[in-house]
Amino acid sequence: MDNDKRFVTGLDVGTENVRAVIASVDKEGKIAIVGFNEGKSAGMRKGVPANLAGPAGSIDKMLGDAERMGGYDVRSAYVSINGSTVMSNHTEGMIAVGTVEHEIDQEDLIRVEEIAVSGRIPANREVLDVIPLEYALDGQGGIKDPLAMSGARLEVRACVVSALAPNAENLKKATAAADVQALKLIPTSVAAAKAVLNERQKENGVAVIDFGAATTSIAIYEEGDLQHVSVIPVGSNNITNDLAIVLAIDPELAEEIKTRYVTGDFDSDKSLAIKVGKHGERTFERKEVEEVVKARLEEIFSEVRKKLKAAHYDQRLPEGIILTGGGAKMRDIDIFAKKCLEAAVKIGLPTGLDGVADAVSKPEFAVSVGLAILAAEESELAPVQGKKHKKSLKKPKEGNFLKKIFSKF
Ligand SMILES: Nc1ncnc2c1ncn2[C@@H]1O[C@H](COP(=O)(O)OP(=O)(O)OP(=O)(O)O)[C@@H](O)[C@H]1O
Ligand SMILES: [Mg+2]
């Protein structure tokens with residue numbers, strides 16, 4: 001039975017955490033999550049590799065448990081790409097296809113897409129995706145699918161997603177050093193959207209905001225298509241750092257205060273003091289703590305709003321905003337986000353999958369689950385992805401990665 005199944009992996013290489021989700025896909029295309037794990041990340045700065053050994057080591061270490069759980073050796077994966085150089089541009093392209101009787105074919109679509117990209121995206125950027133938003137035939141616009149339609153002049157308006165090429169290359173090198181081939185690089189917010197959005201939301205207009213440790217990544221959808229991608233190089237760790245500075249405390253204690261005692265419902269009646277430690281050894285004034293958190297959140301959401309405005313979607317998203325990422329775990333953060341963004345806000349959880357899906361139905365797993373779904377959907381087109389464990393399950397790969405790095409580079 002297992003021979004009828006393919007295995008795919010989503011690998012989210014974050015600044016603070018690395019996560020993997022292994023999924024099986026059967027002949028009918030049904031996806032089940034069979035393995036997952038998360039671990040601390042190293043060597044990543046604001047969503048981008050700052051060295052190769054750090055991310056390679058953390059991927060290597062974390063994958064061991066996911067592989068044992070899934071009973072599968074990960075050799076390739078769809079990998080998240082992040083950082084402020086990940087962005088989208090709207091471009092246009094036009095080609096002559098012959099006489100009016102000519103029927104548009106696949107080759108024409110590829111050619112007009114190439115024209116829409118070539119010379120319009122700087123050479124030092126790697127194109128991650130090209131989404132045709134609208135076609136026009138002989139000046140007649142509003143065409144979604146021109147295949148087999150007739151016309152002499154084909155035009156396309158497209159959304160081109162790209163990242164700085166060295167960042168993309170280094171990410172591929174880091175995963176390769178952990179023995180994982182990056183089949184495709186997908187922006188974090190686009191991957192998260194795959195896990196938490198439905199078709200209706202994408203059709204009507206919706207934004208996903210992946211609130212990570214050091215980045216806040218945005219993806220906007222309308223008319224079923226990706227319209228905008230951008231990344232703000234600030235995240236939930238900035239709240240922790242602000243608390244550490246203002247309260248003159250260790251970042252560990254600041255993190256505990258943030259994750260356990262702060263809620264986004266700043267106006268509600270709560271105890272005036274925050275007592276931290278097993279025996280309530282340290283007491284902090286709630287007002288002081290909340291002021292720090294509120295100021296940073298306001299700044300982050302105002303940056304988000306600037307991006308929405310620039311993309312012409314501020315207060316123009318009928319399906320509102322969906323928050324994912326570890327930063328979205330702050331209790332009642334949706335209440336505060338709603339006030340700042342003046343839009344409906346919900347927390348996005350990956351749902352609707354089989355297997356051990358419940359265990360990854362958390363906002364911080366949205367990216368890795370979305371990557372696994374994308375890999376599963378496109379697996380027919382991808383090369384064979386790794387192999388099933390044969391007899392015994394492998395030992396953890398820890399410790400090997402440095403050798404691999406030096407042998408490879
Ligand atoms: N309960 C909680 N309340 C508030 N913040 C939380 C909570 N749990 C985790 N976080 C925060 O979430 C962040 C980690 O999120 P996540 O794992 O999505 O980041 P990442 O993917 O490593 O980073 P990035 O996407 O920016 O590269 C940390 O800043 C952490 O403090
Ligand atoms: Mg992340």
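One-based numbering, in listed order, for ligands and for the atoms of each. Along the sequence shown, the residues carry numbers beginning at 1. The analysis underlying the following values was restricted to heavy atoms, covering all of them including side chains, and did not include hydrogens, waters or symmetry mates. Since the model is a prediction, treat every value here as computed from it, not as a measurement.
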Quiz item: cation-pi between Lys202 and Tyr221, 6.0 Å / 45°: yes

Shortest protein heavy-atom distance from atom 17 (O) of ligand 1, along with the residue and atom involved: Asn17 ND2, 2.7 Å

Donor on one side chain, acceptor on other, Asn204 and Glu319, under 3.5 Å: yes

Arg296/Asp242 ion pair, N-O < 4.0 Å: yes

Arg19 and ligand 1 - part of the residue with a heavy-atom distance under 4.0 Å: side chain

Ser41 heavy atom under 4.0 Å from ligand 1: no

Region of Met44 that comes within reach of ligand 1 [heavy atoms, distance under 4.0 Å]: neither

Heavy-atom gap Asn82 to ligand 1 smaller than 4.0 Å: yes

Glu107, CD atom: more than 12 neighbouring heavy atoms under 6.0 Å: no

Salt bridge Glu303-Arg305, side-chain N to carboxylate O under 4.0 Å: no

Nearest protein heavy atom with distance in Å, relative to atom 9 (C) of ligand 1: Gly326 O, 3.5 Å

Residues Glu169 and Lys172 bridged, charged N to O under 4.0 Å: yes

Carboxylate-amine/guanidinium proximity below 4.0 Å for Lys144 and Glu134: no

Closest approach of any protein heavy atom to atom 29 (O) of ligand 1, naming residue and atom: Asn237 OD1, 2.6 Å

NZ or CZ of Arg157 within 45° of Tyr135 ring axis and under 6.0 Å: no

Sidechain N-carboxylate O distance under 4.0 Å for Lys339, Asp334: no

Nitrogen or oxygen atoms of Phe211 and ligand 1 under 3.5 Å apart: no

Polar contact flag for Thr240 and ligand 1 (N/O pairs, less than 3.5 Å): no

Ligand 1 contact on Thr216 by region, counting heavy-atom pairs under 4.0 Å: neither

Option whose closest heavy atom lies nearest to atom 27 (O) of ligand 1, chosen from Thr15, Val18, Ile232: Thr15

Minimum-distance protein heavy atom relative to atom 30 (C) of ligand 1: Glu255 OE2, 3.4 Å

Shortest heavy-atom approach to atom 5 (N) of ligand 1 - which of Lys329, Arg331, Lys258: Lys258

Parallel, tilted or perpendicular, as decided by the 30° and 60° cut-offs, for the rings of Phe336 and Phe301: tilted

Ligand 1 N/O within reach of Gly47 N/O, cut-off under 3.5 Å: no

Min N/O separation Asp12 to ligand 1 under 3.5 Å: no

Which residue and heavy atom of the protein sit nearest atom 7 (C) of ligand 1, plus the separation: Thr259 CG2, 3.5 Å

Nearest protein heavy atom with distance in Å, relative to atom 23 (O) of ligand 1: Ala213 N, 3.0 Å

Short N-O contact, Lys184 and Glu378, less than 4.0 angstrom: yes

For atom 21 (O) of ligand 1, closest protein heavy-atom neighbour: Gly14 CA, 3.7 Å

Lys346, NZ: over 12 other non-hydrogen atoms inside 6.0 angstrom: no

Non-hydrogen atom of Ala214 closer than 4.0 Å to ligand 1: yes

